[in-house]
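Have a look at the structure below, then the notes.
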Amino acid sequence: MNRVVTRIPPSPTGRLHIGTARTALFNYLFARHAGGKVIFRSEDTDRARSKKEYEDEIIEGLHWLGIGWDEFARQSERTARYTELLEKVIAEGKAYVSKELAKDDPEREVEVVRLKNPGKEVVFEDLVRGPINTHTGELGDFVIARSRTDALYHFAVVVDDMDGGVTHIIRGEDHIPNTARQILIQEALGAERPQYAHLPLILDEKRAKLSKRSGATSVMDYRAEGFLPEALVNYLALLGWNPGDEREDFSLTELVGAFSVEGIQKSGAAWNREKLLSVNQRWMRKLSDDQFFAALEASRPDATELASVARRAVPLLKERARTFGEARALLSGELACLFAAPELSRETLRAKEGERGTAFTKAGLEAVLHAAEALPESPDAETAKAALMPLADAEEAKEKGGRGAMLWPLRYALSGQERSPDPFTLFALLGREESSARVKKAIAILGA
RNA sequence: GGCCUCGUCGUCUAAUGGUUAGGACGCCGCUCUUUCAAGGCGGCAAUACGGGUUCGAUUCCCGUCGAGGUCACCA
């Protein structure tokens, strides 16, 4: 039994696309599961469109996701080999040189190489879909090289797969129509036919092939937004594959163990950002507070230092943010009150006092101020609650609705927000000094 | 249009000849909180349609419809 060999063959003509990453992931998982080998191959035969910076980004992005390989190849470095085999098939009469007018410039005459198409039925067994039949007659004698020394994609791919000993070709469904012509080239070359598995496409909300126009399709954009590579891998794997049961939480290592072609889906899968966000949040919550904070710092677009209170706010961020980008937005939005004293409105401060009047609200806050004196400078939220909640309960005993009548102005005095974490958590994060100062300020506003 | 592929809740999917068709995301409600968020509990929601085969079809067969892919001297 041959050792499994798969390939990751991106074309460096654009950024690292989500679809490219998923196909790479499946090739990686399949090979690793079988204890096989992965070849990374930069398909840069189109010299006009290929760029080194794209190749760099693709490699960096794949590594970021945790996807690695055992061999690295670049098609632009193998032109001599393609030429050699081109000559061979021409000499054997399986292909021929054809003088034609250039497609892009009808003034110029070129000598392209065409494969002699036997025009037969090609049937191949797809590991996902079963037998697929193609009539290759319609293809005609298709072009396999721009010239005797300049092989085209289909020829280069077949040569590389043959030389690399590739046993399994796992790629997008959009390659099904290409398969027959590649098989024809294989047969001309006398190469062994590998196994094929065509993956369902990733679709956008309109159920069309996910493209740049569909929104964010670059893996690096997701990294910049503050997604975790573990989350992206987990989500990507479950788009078009499932373990056959109800498990959904998978690390890369667990995926390697669980992966099998039987679990690959046949129909296209729509990209769903909401689900990705939820997966990401789950992975963010697995981080310890220190890890979370480090990742948050690493996700900053600029080098601005985060205030130390942000470290203590991590538990809050964990329950509110689904990405590190959202966490940053929270710190400068809803949680900005942790860093600077808010502007307070007299109206909002009095929102819950009802018929009872300003003196009522003020008395509540003064009681808080008094009780706070007994608290340490940095109490934890539980301690603050233990000291302050009885006050609210006492108010409640006096008058119906009294508990909220005290808690609301307290929370608003500390946060300046109609929505915020609870007052005890805020008190703990802010510290006794700052909290008391804010309560005093609120009392002053009420008294004015 | 030719050729190819696909068709279970809105989305990702499980079950496959016999289940009240299960889970997850989202949505809705309740509950905790007299603010949010998180948590807990519950709910709505699907086998595209029409024929067969069968005691019985989501499952097997045929057709219809629908969706997607692909038709390069790109990859």
Side-chain angles (χ1 to χ4, degrees), chain A residues 9-14 20 43-46 48-50 75 98 100-105 108 110-114 126 128-130 132-139 142-147 150 152-154 156-157 171-181 198 200-201 203 205-209 235 238-249 263 265-279 281-282 285 315-321 330 334-335 348 351-352 392 396 400-408 410-412 415 417-423 425:
Chain A
S11 173
T13 53
T20 306
E43 308 222 314
D44 54 352
T45 50
D46 186 343
R49 293 198 300 147
S50 299
Q75 292 189 324
S98 168
E100 299 170 17
L101 297 177
K103 276 259 169 99
D104 55 345
D105 175 14
R108 189 164 47 92
V110 292
E111 292 192 330
V112 298
V113 181
R114 288 183 181 271
D126 190 286
V128 175
R129 290 152 215 281
I132 296 177
N133 191 327
T134 321
H135 329 281
T136 63
E138 298 154 9
L139 257 35
F142 56 91
V143 178
I144 56 174
R146 290 183 189 90
S147 73
D150 195 1
L152 243 25
Y153 166 74
H154 291 296
V157 162
R171 64 204 335 188
E173 192 185 1
D174 49 345
H175 280 282
I176 290 179
N178 287 336
T179 306
R181 74 169 71 194
H198 287 95
L201 263 17
L203 276 20
E205 3 5 278
K206 287 142 105 181
R207 300 205 73 80
K209 185 159 86 165
Y235 177 69
L238 263 356
L239 254 197
W241 174 85
N242 73 80
D245 53 41
E246 285 170 358
R247 286 175 296 160
E248 291 200 354
D249 200 352
Q265 209 67 23
K266 287 193 179 82
S267 54
W271 182 259
N272 186 337
R273 184 180 162 85
E274 284 301 316
K275 178 97 180 194
L276 205 215
L277 283 167
S278 126
V279 173
Q281 182 167 45
R282 205 170 66 219
R285 286 176 176 177
L316 248 39
L317 295 173
K318 268 186 177 172
E319 64 185 32
R320 276 152 216 263
L330 244 17
E334 198 177 312
L335 298 178
T348 314
K352 302 281 173 175
E396 181 168 61
K400 188 168 171 284
R403 190 162 168 177
M406 200 216 86
L407 258 20
W408 171 274
L410 204 216
R411 194 185 57 73
Y412 178 70
S415 70
Q417 310 265 349
E418 302 210 11
R419 307 162 146 212
S420 78
D422 69 84
T425 301

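Values reported hereafter were calculated over all heavy atoms of this structure, with side chains retained and with hydrogens, waters and symmetry mates removed. Convention: sequence-line order gives letters A, B, ...; per-chain numbering from 1.
- A:Leu335 has its side chain within reach of A:Pro421: a pair of non-hydrogen atoms, C-beta onward, lies under 4.5 Å apart.
- Using a 4.0 Å heavy-atom criterion, one finds that A:Leu277 contacts no nucleic acid atom at all.
- For A:Arg207 and B:rA48, the CZ to P distance is 13 Å, given to the nearest whole Å.
- When the nearest nucleotides of RNA chain B are assigned to A:Gly268 and A:Glu246 by heavy-atom distance, the more 5′-ward of the two goes with A:Gly268.
- Rounded to whole Å, the separation between the C1' atoms of B:rU47 and B:rC60 comes to 15 Å.
- Applying salt bridge (charged side-chain N to carboxylate O under 4.0 Å, His left out) to A:Glu100 and the options A:Arg114, A:Arg108, A:Arg146 leaves one that passes, A:Arg114.
- Taking atom P in both B:rG7 and B:rC49, the straight-line distance is 15 Å, to the nearest Å.
- Interface remark: the A:Glu248 side chain does form a donor-acceptor pair with the B:rG23 base, using a distance-only criterion of under 3.5 Å.
- B:rA48 and B:rU58 have their P atoms separated by 9 Å, given to the nearest Å.
- The partner of B:rC3 is B:rG69, by the rule that a Watson-Crick or G-U pair needs both atom distances under 3.5 Å.
- Looking at heavy-atom distances under 4.0 Å, A:Arg129 makes contact with sugar-phosphate atoms alone, never a base.
- Nucleic acid contact class of A:Gln417 (heavy atoms, under 4.0 Å, all strands): none.
- Heavy atoms of A:Ala102 sit under 4.0 angstrom from at least one base atom.
- Distance check on atom P: B:rC44 versus B:rU5 gives 39 Å, rounded to whole Å.
- Across every strand in view, B:rG18 sits in a pair with B:rC55 that passes the Watson-Crick or G-U test at under 3.5 angstrom.
- Counting any heavy atom pair closer than 4.0 Å across all strands shown, A:Lys318 reaches no nucleic acid atom.
- Base engagement by A:Ser420 is indicated by at least one non-hydrogen atom pair under 4.0 Å involving a base atom.
- If you take atom C1' in B:rU11 and the same atom in B:rA72, they sit 35 Å apart, rounded to whole Å.
- Distance A:Leu139 CG to B:rC73 C1': 15 Å, rounded to the nearest Å.
- Figure legend. B:rG50 is base-paired to B:rC62; pairs are counted as Watson-Crick or G-U wobble with both atom distances under 3.5 Å.
- Comparing B:rG42 with B:rA24, their P atoms sit 11 Å apart, to the nearest whole Å.
- Defined by atom type and a distance below 3.5 Å, a donor-acceptor pair is missing between the side-chain atoms of A:Ser147 and A:Asp150.
- Using a 4.0 Å heavy-atom distance criterion, A:Gly172 is classed as making no nucleic acid contact.
- Base-pair partner of B:rA24: B:rU11 (Watson-Crick or G-U wobble, both distances under 3.5 Å).
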Passes side-chain contact (heavy atoms from CB on, under 4.5 Å), A:Thr134 versus A:Thr179? Steps please.
CA-CA 9 Å; A:Thr134 321; A:Thr179 306; over 6 Å; no
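- Within the nucleic acid shown, A:Pro10 has no heavy atom closer than 4.0 Å to any nucleic acid atom.
- Taking atom P on both nucleotides, B:rU70 is separated from B:rA21 by 39 Å, rounded to a whole Å.
- Under 3.5 Å, the side chain of A:Lys275 and the base of B:rA24 form at least one donor-acceptor pair of N or O atoms.
- As judged by a 4.0 angstrom heavy-atom cut-off over every strand, A:Arg320 is placed among the base-contacting residues.
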Give the C-alpha distance, both sets of side-chain angles, the deciding distance and a yes or no for side-chain contact (heavy atoms from CB on, under 4.5 Å) between A:Glu319 and A:Arg285.
CA-CA 8 Å; A:Glu319 64 185 32; A:Arg285 286 176 176 177; 4.2 Å; yes
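- As a whole-Å value, the separation of A:Glu319 CD from B:rA38 P is 8 Å.
- With both ends at atom P, the span from B:rA37 to B:rG23 equals 25 Å, rounded to whole Å.
- Within the 4.0 angstrom heavy-atom criterion, base atoms lie near A:Glu418.
- In this structure, the CG atom of A:Asp174 is 15 Å from the P atom of B:rA72, given to the nearest Å.
- In terms of position along RNA chain B, the nucleotide closest to A:Glu138 lies nearer the 5' end than the nucleotide closest to the other residue of the pair A:Glu138 and A:Lys266.
- Residue-level contact check: A:Val110 touches the bases, meaning some heavy atom is under 4.0 Å from a base atom.
- Contact annotation: side chain of A:Asp422 to base of B:rA37, donor-acceptor pair absent below 3.5 Å.
- For the pair A:Thr45 and B:rC74, the criterion of a side-chain N or O lying under 4.0 Å from OP1 or OP2 is not met.
- If you check every strand for non-hydrogen atoms under 4.0 Å, A:Asn178 touches a base.
- Searching all strands for a Watson-Crick or G-U wobble partner of B:rG29 with both distances below 3.5 Å returns B:rC41.
- A:His198 comes within 4.0 angstrom of no nucleic acid atom, judged by non-hydrogen atoms across all strands.
- Rounded to whole Å, the distance from NE2 on A:His154 to C1' on B:rA72 is 9 Å.
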